[in-house]
Amino acid sequence: MSEDFRPRSEFLQTLLLRGYVHQCSDLEGVDAKAQSGELVAYIGFDCTAPSLHVGSLVQIMMLRWLQKTGGKPIALMGGGTTQVGDPSGKDESRKILSLEAIEANKAGIASVFSKFIAFGEEKTEALMVDNAEWLTALKYVDFLRDVGRHFSVNRMMAMDSVKLRLERDQELSFLEFNYMCLQGYDFVELNRRYGCALQMGGSDQWGNIITGLDLGRRLGTPQLYALTSPLLTTASGAKMGKTAQGAVWLNEDMLPVFDYWQFWRNCEDRDVGRFLKLFTELPLDEVVRLESLGGAEINEAKKILATEATSMAHGRAAALLAEEAARKTFEEGALAESLPSINIDAAEIEAGLGVLAAFVKAGLVASTSEARRQIKGGGLRVNDAAVSDERAALARGDVASGVIKLSLGRKRHVLLKLV
RNA sequence: GGGGGAGUGUCCCGAGCGGCAAAGGGGGCGGACUGUAAAUCCGCUGGCUACGCCUUCGUAGGUUCGAGUCCUACCUCCCCCA
């Protein structure tokens, strides 16, 4: 990447300044294309899970910026390629998903996407397409003759995704070996169908993307471009988007908005600036101001990060509600109505629901054994009072304004709402 | 085809003379300290109707009062010879 390159398009300026760019095959080329107002770009998404999590957020944001700056984004659902499985960055082969599971996952992902990007037929409205559309219709022999002839096995063997498996003597099935060919073919197909000239993705996708570029050249498409974003880790090196409780999902039914807000609120000091640039749309000078806050003041920046990021995924109203719930809970020590909650039959309380069972029910602990351990460690609280007796039961008297507040540690809270 | 080695607590790595719910890390969770941060220190890290019971060491059998540990077969992976 040339250091002194000065982009003229708003699209590239934004991506470069906000830290989205890791590698690009041809910045000038992409810039010119973006300038012309004809840039169509795509990112492919696996259909391996029923939703998307924070790990995909960088990619989603790139498509969002593309749309905001006058380009047309394409979200490519890997309905076809997911049937094959990408070996990139994986030590072992992935389980092959059933077609029904892939379909269901696709629907979940689509609903998340629509929060971030506007879909439709207009020029800058995004398209969502599924590569199963063309991949499953391919005839094997035809594909080999038309496309396979352009792939050099010698080169494929040298690709990191393949090389790694071979070096470690790990199985790489022929099925997976074909993945990059299919992804390469996707790019060409999207170019033919929609004039898509740029594929973006995480840095681990560089090899796959470049394969598409080469294939395009050999098959006579116009010049294609590649752009990857850095692989995101937190300042302390952990993979982005995974927490103890699991992935940080972008949809509410898999992760309560309160928890999503908390995820951002609890980021490390060193990450605030970077995250503000990548995951919010605050002007850069504001970001600079916020990240320069020192000491405890950086907490203000974290709150803004949390609310801004949450607004995008769940809407402003829900984000403000989460912010308010956090303020009440952490700053005032008061009861916040909008904490994550589960309904519980009043009769169960009357009957004397044991604390152990209650915490399991609330999902704060995985088993009664864990609940016992947490009690020993002083980690469980009912209405902010530490539980010391594992045989205690919840009672009518614990109910305040219709709820009982259960807490695990300082940060995780669930309200039992009596019904 | 022949010879040798490996598979351990379902997050990962990794010890394990026949008495083992199984050493030690990492990670994670909880506590203390803080700023809902980082660093540090301490505790916990199979399940249950819980001073007891049940299920765990690639799979299936066997020897034994008793098996992760010994024997047999099978599966998977690695190394050497062909």
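Everything numeric in this text was worked out from a predicted model, so none of it was measured. Residue numbers start from 1 in every chain, and the chains themselves are labelled A, B, ... in the order their sequence lines are given, proteins ahead of strands.
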Tell me whether the OP1 or OP2 atom of rC29(B) has a side-chain N or O from Lys376(A) closer than 4.0 Å.
no

Considering just the side-chain nitrogens and oxygens of Ser367(A), establish if one lies under 4.0 Å of OP1 or OP2 belonging to rC48(B).
yes

Within the 4.5 Å heavy-atom criterion, are Leu408(A) and Gln374(A) side-chain neighbours or not?
yes

Check whether any side-chain heavy atom of Tyr20(A) lies under 4.5 Å from a side-chain heavy atom of Met62(A), and answer yes or no.
yes

Does the structure show a Watson-Crick or G-U wobble partner for rU64(B), both distances under 3.5 Å? Name it, or say none.
none

Could you tell me how far rC57(B) sits from rA21(B) if I compare only their P atoms? Round to whole Å.
14 Å

Pick the closest RNA chain B nucleotide for Leu356(A) and for Glu323(A) by heavy atoms, then say which residue is nearer the 5' end.
Glu323(A)

For Arg410(A) and for Thr368(A), locate the closest nucleotide of RNA chain B by heavy-atom distance; then report the residue assigned to the nucleotide nearer the 5' terminus.
Arg410(A)

Tell me if a side-chain donor or acceptor on Arg18(A) pairs with a main-chain N or O of Phe279(A) at a distance below 3.5 Å.
no

Compare the minimum distances between each of rU36(B), rC48(B), rG35(B) and the side chain of Ser369(A), then state the nucleotide with the smallest one.
rC48(B)

Just how far, in rounded Å, is C1' of rC51(B) from CZ of Arg391(A)?
11 Å

Write down the distance between CD (Glu300(A)) and P (rG35(B)), rounded to a whole number of angstrom.
14 Å

Under-4.0 Å salt bridge between Arg274(A) and Asp271(A):
yes

